[in-house]
Amino acid sequence: MSPKVPHYAVLGRPVAHSLSPQIHAEFGKQCGIAVIYLRLDTSELGFADTLARFAKAGGVGANITAPHKAEAAQLCQSLGYRAQQAGIVNTLIWRNGAWHGANTDGSGLLRDIRERHDLNLESRRVLLLGAGGAAQGVAPALLEAGISQMVIANRSLERARQLAERLDAADAALACTLTELPDMGSFDLIIQATSAGHHGEQLTLPHSILQKDSLCIDLNYGRAALPFTAWARSQHCRRVADGLGMLVEQAADAFAFWHGIRPDTAPVYNKLRISARL
Ligand SMILES: NC(=O)c1ccc[n+]([C@@H]2O[C@H](COP(=O)([O-])OP(=O)(O)OC[C@H]3O[C@@H](n4cnc5c(N)ncnc54)[C@H](OP(=O)(O)O)[C@@H]3O)[C@@H](O)[C@H]2O)c1
């Protein structure tokens, strides 16, 4: 890669599965911007060195995926509002010789929920399953969208508590373990933000968390989303979705951060559903 060509990348471990290069290529075509976007696996050099080498070679923007979102925030000279709230970043931009971080996971999920699934979040009770990077990224945006309460249920109670404390929202954000869910009532919106499905594992969830019209969204897509979405359907839930919508929306926000224009996500979402067989 010529050092003079500005380019973009997704950094993570692993990244071979990432749809980001395809999504940003489609956005670029739509907006008339020639986008060079790479996959950079950090297994060999580690995150900091991979990022440094990328910047030296002309890298000007990066998406950060697991497990580097917290480390990326540490390497930034400045953080946008959502990244500061979450303490983690999923998007970097190179400006004036330093990295600046943003978090577009929350804005991406909100847009998906409101526009693709037509759910007004005002006064809703939300169950967030998981307390890792994805949950940390979306929780502040959900709370600010006017929900009445968020219950964060995680395998490790400590991590759920840390997230609830960070949100600093008193009773509007409660932490519990997955085994306490039968005592937590029912929810308008259930967000599956764990990585259990990547290992083919199914969370043990009680039927009591569902209401008649609950919206169930798994932030994963493809095979990793199957255990939760299959569970929701088996419980006769009619509104079930995977994380492809959020993926495309958070990518569009990253694209806008880098190029100053937000692409139309619908054609890209529809194309991926077919071409990636999702
Ligand atoms: N659609 C999108 O745009 C988008 C964006 C970001 C992430 N994601 C997806 O969201 C998922 C989570 O990502 P992340 O960054 O939060 O990962 P992470 O930081 O590694 O956190 C993993 C989470 O999953 C939980 N977990 C893992 N295995 C489990 C199991 N067998 N049973 C119960 N809980 C389990 C962990 O619980 P403990 O704390 O107890 O270990 C933790 O809460 C990933 O699969 C990722 O692909 C999607």
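These numbers come from the heavy atoms of this one structure, side chains and all, not from hydrogens, waters or symmetry mates.
At a cut-off of 3.5 Å, with distance as the only test, no side-chain donor of Q202 or T204 sits close to an acceptor on the other residue. Donor-acceptor pairing under 3.5 Å is lacking for the side chains of R159 and Q162. Residues D253 and S107 have side chains that bring a donor and an acceptor to within less than 3.5 angstrom of each other. Judged by distance alone, the side chains of Y8 and N63 never bring a donor and an acceptor atom under 3.5 Å apart. For the 3.5 Å distance criterion, the side chains of S214 and D188 fail to qualify, holding no donor opposite an acceptor.
Although no hydrogens or angles enter the test, the distance criterion places no donor-acceptor pair under 3.5 Å between the side chain of E115 and the main chain of H117. Although no hydrogens or angles enter the test, the distance criterion places a donor-acceptor pair under 3.5 Å between the side chain of R124 and the main chain of N120. Of the possible donor and acceptor atoms, none in the side chain of R161 sits under 3.5 Å from a partner among the backbone N and O of A175. Within the 3.5 Å criterion, the main-chain N or O of R95 finds a donor-acceptor partner in the side chain of H100. The backbone N or O of A131 lies less than 3.5 Å from a partner atom in the side chain of N154, making a donor-acceptor pair.
The distance between the ring centers of H7 and F54 falls below 6.0 angstrom. Remark: aromatic rings of W258 and H24 are close, center separation under 6.0 Å.
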Take T194 and Q192 through the side chain to side chain donor-acceptor pair (under 3.5 Å) test and state the conclusion after the steps. CA-CA 6 Å; T194 81; Q192 201 301 109; 2.6 Å; yes
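Summarising the local packing, CZ of R239 is surrounded by more than 12 heavy atoms from other residues, nucleotides or ligands at distances under 6.0 Å.
Using a 4.5 Å cut-off between side-chain heavy atoms of Ile, Leu, Val, Met, Phe, Trp and Tyr, with links allowed through other members, L178 and I191 fall into different hydrophobic clusters.
Partner K69 forms a side chain to side chain donor-acceptor pair (under 3.5 Å) with one of T91, N103, N90, D105 and no other, that one being D105.
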